[in-house]
Amino acid sequence: MAGLLTLLAENATIVISGARIAREIGVSRSMVFQWVKRLRELGVHVKGHPGTGYFLEKVPDILTPDMLRQRLKGSLFGKHIYHFFKIDSTNRVALELGHAGEPEGAVVLAEEQTAGRGRVGRAWQSDRAAGIYVTLLLRPKISPVQAPLLTMMAGLSARAAILAQIGTAPDLKWPNDLLLGGEKVGGILTEMHAEPSQVRFVIVGIGLNVNQERFSGDLASTATSLRIETGRQQSRLELLVRLLREFESDYNRFLHEGPAAITPKFEAVSSYARGKRVRVTSGAATFLGVTAGLGPEGLLQVKRDDGQVVTVISGDVTEAR
Ligand code: BTN
């Protein structure tokens with residue numbers, strides 16, 4: 001089906017007969033008919049009918065592997081791209097691929113997630129073709145304690161991609177949130193499979209709110225999108241290509257230089273790293289304090305109101321006023 005979409009997108013506005021489509025992508029005409037039906041169900045505006053042929057009125061903003069591969073030639077992330085129109089969670093798929101021995105650099109993408117996972121058991125709203133829902137499979141030779149640095153690194157990569165796309169840099173909230181105007185525009189969920197001293201693989205799931213026009217319920221006051229912030233529709237393909245290029249160069253630097261490639265940069269650009277009054281919630285415990293920089297492995301230091309400096313290993317950090 002991705003082949004059909006690529007053919008139509010590359011010839012947008014040109015009517016192509018069902019017979020030619022069938023020949024070019026090597027399937028039967030009835031299969032072409034079935035796939036056109038399925039694409040329409042998934043919201044792609046395919047015009048025409050079997051008698052005349054089919055065409056797209058405009059190139060759809062769908063993240064097809066062919067288009068991505070063309071843009072990512074020679075890149076770590078241009079080789080194994082798994083694209084789903086609808087899936088429960090790209091992190092779930094990437095974990096399975098990791099266990100099955102899939103090599104480093106695999107990219108799992110979805111137009112829509114039905115059970116997108118967020119941190120601390122939350123759900124990630126993943127409406128069709130509105131955001132970027134992507135998970136990257138990595139096999140770095142690092143110890144498990146360094147894996148959280150990849151979450152922060154992904155935040156830096158996504159920040160740079162958004163800055164290049166809209167000219168405004170999001171703030172980073174330790175460890176994994178991207179904020180525009182104080183509202184959440186993206187999040188990262190890293191999961192890993194490791195032995196005590198060696199990571200087997202890490203999957204980095206990135207969710208970015210791109211073309212949502214509004215959010216409902218609890219998210220209405222806490223989430224935003226690039227579309228809401230700029231007033232303009234944004235190309236998800238451009239943003240994803242930027243993100244994957246930034247990620248690859250940040251990742252290579254991390255492999256060569258270690259934590260020094262990430263921690264100082266994160267401290268420099270995150271308003272949360274130092275001097276921010278925060279509430280930290282970890283399990284049932286909550287305390288207030290002021291952030292006091294990052295430790296060597298990227299863990300947040302917080303000076304509690306009783307004067308004690310503690311290291312936050314996991315948990316939720318929110319601004320306290
Ligand atoms: C968070 O801020 O809570 C993390 C959100 C991570 C969402 C992304 S979307 C792609 C990938 N697949 C998932 O199920 N979750 C991550």
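Along the sequence shown, residues carry numbers from 1. Whatever order the structure lists ligands and atoms in, that order sets their numbers, starting from 1.
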Undergrad: Quick test of your reading: applying side-chain hydrogen bond (donor to acceptor under 3.5 Å, both in side chains), list the pairs with at least one residue in residues 11-23, sequence neighbours left out, ordered by first then second residue.
TA: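 Counting only pairs at least two positions apart or across chains, the side-chain hydrogen bond (donor to acceptor under 3.5 Å, both in side chains) contacts touching residues 11-23 are Arg20-Glu24.
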
Undergrad: Please tell me whether Glu238 and Gln165 have a donor and an acceptor in their side chains that are separated by less than 3.5 angstrom.
TA: no

Undergrad: Hey, which residues fall under 4.0 Å of ligand 1 on heavy atoms?
TA: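 Near ligand 1, by chain and number: Ser89, Thr90, Asn91, Gln113, Gly116, Arg117, Gly118, Arg119, Trp124, Tyr133, Val134, Thr135, Asn176, Asp177, Lys184, Gly187, Ile188, Leu189, Gly205, Ile206, Gly207.
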
Undergrad: Taking a hydrophobic cluster as the set of Ile, Leu, Val, Met, Phe, Trp and Tyr residues connected by side-chain heavy atoms closer than 4.5 Å, whether directly or through intermediates, do Leu243 and Val202 fall within one such cluster?
TA: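 Yes, Leu243 connects to Val202 through the hydrophobic network.
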
Undergrad: Classify the side-chain pair Glu112/Ser126 by whether it contains a donor and acceptor separated by less than 3.5 Å.
TA: no

Undergrad: Can you list everything that forms a side chain to side chain donor-acceptor pair (under 3.5 Å) with Asp66? Sequence neighbours excluded, please.
TA: Thr6, Arg69

Undergrad: Considering residues at least two apart in sequence or located in another chain, which fulfil the side chain to side chain donor-acceptor pair (under 3.5 Å) criterion with Asp305?
TA: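 Arg277.
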
